[in-house]
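Owing to the predicted nature of the structure, the values given are computational and were not obtained by experimental measurement.
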Amino acid sequence: MNLTIPEMALFFFAILLARFGAGRAGLFLLWPILVLIFPTARLFFGFPLYLYDFIVALMLFEYRREYFSLRWGGGRTPWHYVFFVLIVVSGIAWPLVAMPVNVQTIWVAAHALLTFSTIGLVALVFADSNKVRERKYLGYGLIACVVALGVIGLLQFGSPASAGRVAQFFYRDFGADAFLNSKFYAQIAAQRAAGPYGSPNILGVVAVIAAIAVTLLVRSRVLILITFGAASIAILSSVSRQAMIGAIVAAVAYFILSRGRSRLNASVVAIAAAPLLVVAFLASDYSTTVLERFSRWDQGIQQDDNFTARYVDGPARLAETIGRYPSILLLGTGPDIGKLASSGVPTDGREYGFVSISYVLFLFQYGVIGLIAGIAMHIQGWRNLRYVPVSVRARLAAMLAAVYAFYLADNAPNVSESVTMLCLLPIGIGAGCALQALQARRVASAAQPFVPRSGSTQAVPALR
């Protein structure tokens, strides 16, 4: 989606308005909008510059001092730095040795570096209690995204003409003969809305995670209800089974970990709303398509071609590829070798080992160290829940549970910048809360008076 000159002018006007109208915190409003609603939008000056890359680079510049001065320690791992190193090694250094030099390699790695910066940016605004405006604007930006996705889902579902117009808007630079601009694709998108991503699963997954994130960032119940309504429309329009299952997993995690009044309120709302929602669903145009999708499991989930391709054929291909190229175990293939292959970079067939399970993709992309790092990052993300305020702990747990489910179900968390950004949000939130707790502990320790032990000149903290 190459921007026209008027659209470029509008984009830069929006940047200036956000930056100087709301201060640098205003960039957090535009960030999710550019990543989630306009993932294909780019400036083209002989090479593509995606808008979401531009906004992240600008945010890193604006917050560079706080970003790089965060004091990590006490068991809190800066996972963005860990993956920075892995991306440079697997995505730049090793490809320059194994494959012909190509600027596309640097471009793909730069994408990944900026995407993983999400952890540090989010940790920064949650570690500093003064960054209230940043958190608020991020929440408002996510609300705008979910509402927009709900509208797009309504436009595409059931209407090939509208589905075709949406696709032509987001993929207009692909050419009239491209698949995404074809009538056949419009008919498919009318059955399963794909939004600006060209993938129904990504539309559903983005709606689930973004809606849960809003509950952590915004207090207004009205806005939260609007967000959940729009997210439900987007999920149903996508007819994505993994999105629906992820939403159920999140709801179960929330119910298990919530306490007292929060659990009671959730139970009352669920009991009261469930019959109405079921009746509304069965009376809607969504019911036939959704029920048909799930009916494919009537003979057993293992009979579903999607299940077999993802959990049987994919790992088998990866094992075969590793047998041919054992270096993958140590160095991986980089953030997106498929993009390199499609752009004409000789890869000797290494892209054949691509799998659609994101946890296994850590191995394919960054080797064994990447696999260990990815799993450890998620384990620590869950452990950081103990530092999150009790009032929102169950909500973050629900978000993490959904993210873990999506990493098991699809490749999007590792290959789609939109989904990756959202999946890294709860990791950054938990890390920020942990850093805030660590800083409070340091301040409290420094403020303690010291008294000498009897018969000793050594200073020790006084008992409280």
Which donor-acceptor pairs under 3.5 Å do side chains of residues 320-330 form with protein atoms, sequence neighbours excluded?
residue, atom, partner, partner atom, Å
T321, OG1, R317, O, 2.8
T321, OG1, G353, N, 3.2
Y325, OH, D348, O, 2.3

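- Considering every non-hydrogen atom in both A167 and Y185, the closest pair reads CB-CE2, 3.7 Å.
- A cation-pi arrangement, defined by a distance under 6.0 Å to the six-membered ring centre and an angle within 45 degrees of its axis, is absent between R135 and Y137.
- Between the side chains of H378 and Y359, at least one donor N or O sits under 3.5 Å from an acceptor N or O.
- In the displayed structure, L29 atom CG is contacted under 6.0 Å by more than 12 heavy atoms of other residues, nucleotides or ligands.
- Remark: the T420 side chain and the E417 side chain contain no N/O donor-acceptor pair separated by less than 3.5 Å.
- A side-chain contact (heavy atoms from CB on, under 4.5 Å) with Q242 holds for exactly one of V208, L408, V205; it is V205.
- For the pair R64 and Y67, the cation does not sit on the ring face, since its NZ or CZ is not both under 6.0 Å from the ring centre and inside 45° of the axis.
- Taking the six-membered ring where the residue is Trp, Y366 and F116 present perpendicular rings, their angle passing 60° and hence far from 30°.
- Ring orientation note: the planes of F28 and Y63 are nearly perpendicular, at an angle over 60° on the 30°/60° scale.
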Quiz item: Could you go step by step and tell me if N201 and R192 meet the side-chain hydrogen bond (donor to acceptor under 3.5 Å, both in side chains) rule?
Solution: CA-CA 9 Å; N201 283 335; R192 295 186 63 197; 3.3 Å; yes
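- Ring geometry for F12 versus F54: interplanar angle over 60°, hence perpendicular rather than tilted (30 to 60°).
- Checked by atom type and distance alone, the side chain of S356 never pairs as donor or acceptor with a backbone atom of N411 at under 3.5 Å.
- Looking only at distances, a side-chain donor or acceptor of Q365 sits under 3.5 Å from a matching main-chain atom of P335.
- Aromatic pair F362/F83: centroids less than 6.0 angstrom apart.
- Shortest non-hydrogen contact noted between P413 and C423 is CB-SG, 3.9 Å.
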